[in-house]
Number of protein chains: 2
Amino acid sequence: MQSAPADTARTTPADICAAPPRHPRPDGQDSYTISEVVAFTGLTAHTLRWYERIGLMPHVDRSHTGQRRYTNRDLDWLNFVTKLRLTGMPVADMVRYAELVRQGETTYAERRELLESTRRDVLARIAELHDTLGVLDRKIGFYSAEATAP
Amino acid sequence: MQSAPADTARTTPADICAAPPRHPRPDGQDSYTISEVVAFTGLTAHTLRWYERIGLMPHVDRSHTGQRRYTNRDLDWLNFVTKLRLTGMPVADMVRYAELVRQGETTYAERRELLESTRRDVLARIAELHDTLGVLDRKIGFYSAEATAP
DNA sequence: CGCTTGCCTGGAGTGCACTCGAAGGCCATA
DNA sequence: TATGGCCTTCGAGTGCACTCCAGGCAAGCG
């Protein structure tokens, strides 16, 4: 993400890449305060600053007074990170991915591998959850039967 | 689970309830040492003892020398608990469920509610993961395209 | 008999992912 | 000019789910 002419998510910005119409982003602007980002993402301001400290955010702009100004691109990234989070991916791995992004397009292959391995994990998790669903349904069925025919 | 004539999982033991053919349980026996349970469940001995301390296990038998002797029923329970764990249910909630089980059949309704709420959570998680899968696929597609057409 | 192995206990420690507090800066409005 | 509100950094604290340790007992083997 060294080259970044900051625009909306409509285009395909090489490094953040393919982002279709997302959550309703209020105005047609491209600069948000940290509290606005808190409102959009549900993350706390503390967490946003912490993400930046540990290298999980690819450098956030600052206002002339030094306050953070997030772009739509940053919001896309946070959106993606949030999705990865709930697959159970550890933060350290996401930092690794963020580093690859910072290193530019020479890391495309490695990024793709990382994403594909994550994809496999997600599929496995979904399968596990389906399995669990089966167990739950059986137990719920049992309790329902007990309720109607004691 | 105050009444429990300890048998295999073939029957439907009212409180642990509906357990179909599970993971291959080696012999036709009904008494396992902690290290055997470690081998079956993948949990550590530490974790098994800890589960017991916090009330997540419904009282494990002891040998005459005071060592734990797990039954098939205990293994079924651990199996179930492990499934609940990977839905993201906090341990405290599972302890709550274990308490309901200990209190006997007067808590059937409450148990069923708890399971149904868990079921909803699992469905929501599956949906989230499918969503994430979509994002991953789009990104992977992008990197694939870059690889073939630089 | 001594050694090894396996298990026991209570309590302390670890790693992760936040989460919060303290102390202070900038700025708009009253 | 002062008051409130939002911002900053650094560093410490929290909650969860384990994870490990020290010290000790009991059984089996050479």
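Owing to the predicted nature of the structure, the values given are computational and were not obtained by experimental measurement. Just so we're on the same page: letters track the sequence lines, and every chain starts at 1.
For the pair B/Glu99 and B/Arg96, the salt-bridge criterion is met [side-chain N within less than 4.0 Å of a carboxylate O]. Salt-bridge annotation for B/Glu146 and A/Arg112: absent, with no side-chain N of the basic residue lying under 4.0 Å from a carboxylate O of the acidic one.
If you measure from atom CE of A/Met89 to atom C1' of C/dC18, you get 19 Å, rounded to the nearest angstrom. Taking atom CE of residue B/Met94 and atom P of nucleotide D/dC16, one finds them 13 Å apart after rounding to whole Å. Across the protein-nucleic acid pair, A/Leu48 atom CG and D/dC6 atom P stand 16 Å apart, rounded to whole Å. Counting to the nearest Å, the C1' atom of C/dC7 and the CG atom of B/Asp61 are 16 Å from each other. Note: OH (A/Tyr70) to C1' (D/dC6) measures 14 Å, nearest angstrom. For the pair A/Glu52 CD and D/dC7 P, the interatomic distance rounds to 13 Å; values are reported in whole Å. We find that CH2 of A/Trp50 is positioned 15 Å from C1' of D/dG11, with the value rounded to whole Å. Spacing between atom CD of A/Gln67 and atom C1' of C/dC26 amounts to 7 Å, rounded to whole angstrom units.
Using a 4.0 Å heavy-atom cutoff across all strands shown, B/Arg62 reaches sugar-phosphate atoms only and no base atom.
Of the side-chain N and O atoms in A/Thr33, none sit less than 4.0 angstrom from OP1 or OP2 of D/dC6. For A/Arg85 and C/dC18, the shortest distance from a side-chain N or O to OP1 or OP2 is below 4.0 Å. Between B/Arg68 and C/dC8, a side-chain N or O to OP1/OP2 separation shorter than 4.0 Å is present. Of the side-chain N and O atoms in A/Arg49, none sit less than 4.0 angstrom from OP1 or OP2 of D/dT9. Contact annotation: A/Tyr51 side-chain N/O to C/dA17 OP1/OP2 distance is not under 4.0 Å. The side chain of B/Thr47 contributes no N or O atom lying less than 4.0 Å from OP1 or OP2 of D/dA17.
Here the side chain of A/Ser117 pairs no donor or acceptor atom with the backbone of A/Glu113 at under 3.5 angstrom.
Residues A/Thr44 and A/Thr65 each lie close to DNA chain C; by heavy-atom proximity, the contact nearer the 5' end of the strand is made by A/Thr44. Comparing B/His64 and B/Ala92 by the nucleotide of DNA chain D whose heavy atom lies nearest to each, the residue mapping closer to the 5' end is B/Ala92. Closest-nucleotide positions on DNA chain C for B/Ile34 and B/Arg53 were compared, and the one nearer the 5' end corresponds to B/Ile34.
Contact of the B/Leu78 side chain with the B/Leu48 side chain is registered, since non-hydrogen atoms from C-beta on lie closer than 4.5 Å.
Relative ring orientation between A/Tyr97 and A/Trp77 is described as parallel, the plane-to-plane angle staying below 30° on a 0-90° scale split at 30° and 60°.
A donor-acceptor contact under 3.5 Å is not formed by the side chain of A/His46 with the base of C/dC18.
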